[in-house]
J.: 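Here's a structure for you.
Values below: every heavy atom of this structure, side chains too, minus hydrogens, waters and symmetry copies. Just follow the structure's listing: the first ligand is 1, and inside any ligand the first atom is 1.
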Amino acid sequence: MQGVATQHAPAIALPLLHILTGVAAALLAGTALFVDGPALLRHPFGDFRALAVTHLLTLGWLALTAIGASYQLVPVVLEVPLRSTALAWASYPLLVAGTGAMVAGFWLARPALLLPGAWATATVLLVYVGHLAGTVLGSPRRLVYRRYFLGSLAYLAALAVLGGLLAASLRWGWPPVDLLPLHVVAALLGWATLLAMGVAYKLVPMFALSHGRGEGAAATVFALAAGGSGLLLATLALGRPGPLPTVAAALPAAAVALFLRDQWLFFRSRRRPWLDPGLRLSATAFVYLGLVAGAGWLATARGLPGGAETVVLLALTGWLGCLLAGQTYKIVPFLVWYGRYASRAGRARVPLLREMYEERLAGVAASVLPAAGLLLACGAALGSAVLERTGALAWLIGYGILAVNLVQVLRA
Ligand code: HEM
C-alpha cells in the first residue's frame with residue numbers, strides 16, 4: 001500500500017468532488033450560523049430553520065465528505081476496487097439534489113419540497129450502503145477495519161430509514177412515535193463516530209509515522225462502540241425509563257476511553273516530533289471526542305444543562321469538525337501529488353506535500369477552528385449571542401482557510 005492511494009482506488013476526481021462539495025456546504029452552514037446564529041442555536045429542538053442548517057452540515061458537509069473519503073479509503077485499505085464507479089458517479093448529483101431539496105424544504109417550511117428531498121436522499125444513501133457493503137464483502141483482506149466499515153454502514157442505513165420516517169411524521173403525523181432520539185444516536189454515534197474511529201485507527205499511525213504499535217484495542221473498541229450504540233437504540237426504542245439507557249451509554253463511553261488511550265500511544269510513539277496542522281487538528285478532535293463522550297453520558301443520565309443540543313454541537317463542530325479538517329489536510333494533497341507527481345519522483349524535482357499549500361495559513365486554521373465547537377456549544381447553552389457568533393466565525397475562518405488551501409493544492 002502506498003499511503004492513501006493504490007491501483008485499486010478510483011480516479012481521484014471522485015473523492016475530490018465529494019470533499020470539495022462538503023467544504024462548500026460547511027462554509028454555507030457557517031455563514032448561516034454567523035448571520036442568524038442566536039435564532040438558530042437557541043431553538044426548541046425541531047425548529048425548521050435550525051433543521052435546515054443541521055442537515056446542511058450533516059448531509060451536505062459530513063455525509064458528502066465521508067462518502068468521498070470512503071470511495072478512496074475502502075479500496076486502498078481493503079485492497080478491493082469499488083463494485084461500480086459508474087454508480088458512485090451517478091449517485092453524486094442525486095445526493096446533492098436530494099440534500100438541496102431537503103435543506104430548502106426545511107428552510108422554507110415547505111413539506112412539498114422537504115418530503116421528496118428527504119426520501120430521495122434516504123434512497124441514495126441506502127443504495128450507497130448496498131454498494132459499499134458489497135465492495136467491502138468482496139475484499140480478500142480480513143482486517144479489523146472491515147468491521148468498522150460494515151458496522152457504520154448498517155447504522156447509516158438505519159439513520160436514513162429513520163430520517164425518511166421522521167419526514168413523513170412531520171408531514172402526516174405518522175408514524176405517531178418520537179423517532180428523533182433514535183435518528184440522532186444512529187447518525188452521530190452509530191454511523192459518524194464509528195466510521196471516524198475506524199478511519200483514525202488506520203490513518204493516524206500512518207500519518208504520524210508511529211508504525212509498530214499495531215491496531216491497539218481496535219477490535220474491542222469496535223465491539224463496545226457498535227454494541228453499545230445498538231443497546232442504546234434498543235433501550236430508546238423500547239422507551240424504558242430508569243437506569244438502562246445510562247448503563248447502555250456507558251459502553252460507547254468505555255469504547256471512547258480505550259480509543260483515546262490508543263491514539264495517545266500512537267502520538268507518543270511517533271517518529272515525526274513536529275505536529276503539522278493536519279495532525280494538530282486531529283489531536284484536538286480527540287480531546288473533543290472525550291468531551292462528547294462525557295457530555296453524551298451526562299445528557300443520557302439527564303444531568304447536562306443544554307442537554308442533547310450541547311452534545312450535538314460538540315460532536316458536529318468540535319469532534320467531527322476538527323477531525324475532518326485535519327484528515328483533509330493530509331489526504332487531499334497526497335492524492336493530488338500521487339496523481340500528478342508520483343511517476344516523476346526520483347527522476348525530477350517534485351514538490352513536497354507541505355509545499356502544495358500555505359502551511360502557515362493552515363497553522364492559523366489549526367489554532368482557530370478548535371475554538372468553534374466549544375464557543376458554539378457554550379453560546380447555545382448560556383444563551384450568549386457573542387459566543388455563538390464568535391464560534392461561527394472561528395468555524396468560517398477554519399473552513400475558509402481549508403477551502404483556499406484546497407484550491408492551492410489543485411493548482412500546485
Ligand atoms: C436521509 C437522510 C436524513 C433524513 C431524511 C433526515 C431527516 C430528519 C428529520 C425529518 C428531522 C426532524 C425530526 C423532528 O424534528 O421531528 C431530523 C432531525 C435531525 N437529524 Fe436528520 N435526517 C437525515 C440525515 C441525518 C444525518 C446524516 C445526521 C447526522 C449525521 C442527522 C442528524 C439530525 C439531527 C441532529 C437532528 C435534530 C436536529 C434538531 O432538532 O435541531 N440527520 N432529521
J.: Just wondering, do L291 and L374 contact through their side chains at under 4.5 Å, heavy atoms?
T.: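 L374 reaches L291 side chain to side chain.
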J.: Suppose we screen for side chain to side chain donor-acceptor pair (under 3.5 Å). Which residues come up paired with Y128, at least two apart in sequence or across chains?
T.: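 Partners of Y128 by the side chain to side chain donor-acceptor pair (under 3.5 Å) criterion, ordered by chain and then number, come out as S70.
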J.: Report the C-alpha distance between L323 and L281 in whole Å, list the side-chain angles of each, state the deciding distance to 0.1 Å, and finish with yes or no for side-chain contact (heavy atoms from CB on, under 4.5 Å).
T.: CA-CA 6 Å; L323 189 78; L281 279 166; over 6 Å; no
J.: Say whether M102 and ligand 1 are in contact under the criterion: heavy-atom distance to a ligand atom below 4.0 Å.
T.: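 M102: in contact with ligand 1 (<4.0 Å).
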J.: Can you see which heavy atom on L78 is nearest to which on R141, and at what distance?
T.: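 Nearest heavy atoms, L78 then R141: O-CG, 3.6 Å.
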J.: Heavy-atom pairs closer than 4.0 Å: do any link ligand 1 to the side chain of F106, the backbone, both, or neither?
T.: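 Answer for F106: side chain.
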J.: Just wondering, do K202 and L73 contact through their side chains at under 4.5 Å, heavy atoms?
T.: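 No, their side chains stay 4.5 Å or more apart.
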J.: Contact between G164 and ligand 1, counting heavy atoms under 4.0 Å?
T.: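 Judged by the 4.0 Å heavy-atom criterion, G164 does count as contacting ligand 1.
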J.: Who pairs with E358 by salt bridge (Lys or Arg N to Asp or Glu O under 4.0 Å), at least two apart in sequence or on another chain?
T.: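 With sequence neighbours excluded, E358 shows a salt bridge (Lys or Arg N to Asp or Glu O under 4.0 Å) to no residue whatsoever.
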J.: Is L62 touching ligand 1 with its side chain, its backbone, both, or neither, if touching means heavy atoms under 4.0 Å apart?
T.: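 Just the side chain.
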J.: Among the heavy atoms of A167, does any lie under 4.0 Å from an atom of ligand 1?
T.: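 The answer is yes, since A167 has a heavy atom less than 4.0 Å from ligand 1.
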J.: Show me which atoms of ligand 1 lie under 4.0 Å from any heavy atom of V184.
T.: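 Here the atoms of ligand 1 in question are 34 (C), 35 (C), 36 (C).
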J.: Need one value: angle at atom 21 (Fe) of ligand 1, H183 atom NE2 versus H55 atom NE2, rounded to 10 degrees.
T.: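 About 180° at atom 21 (Fe) of ligand 1.
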J.: Quick one: look at L125 and ligand 1, take heavy-atom pairs under 4.0 Å, and tell me if it's side chain, backbone, both or neither.
T.: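 L125 to ligand 1: side-chain contact only, backbone stays beyond 4.0 Å.
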J.: Applying a heavy-atom cut-off of 4.0 Å, say which part of L159 lies close to ligand 1: side chain, backbone, both or neither.
T.: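 The answer is the side chain.
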J.: Under 4.0 Å from ligand 1, counting heavy atoms only, is it the side chain of L166, its backbone, both or neither?
T.: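 The part of L166 near ligand 1 is both the backbone and the side chain.
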J.: Go through the steps for V247 and T235 under the test side-chain contact (heavy atoms from CB on, under 4.5 Å), then give the verdict.
T.: CA-CA 10 Å; V247 174; T235 57; over 6 Å; no
J.: Using a 4.0 Å cut-off to any heavy atom of A122, which atoms of ligand 1 qualify?
T.: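 Counting from 1, the qualifying ligand atoms are 1 (C).
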J.: Any side-chain heavy atom of F267 within less than 4.5 Å of one from V204?
T.: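 They are in side-chain contact.
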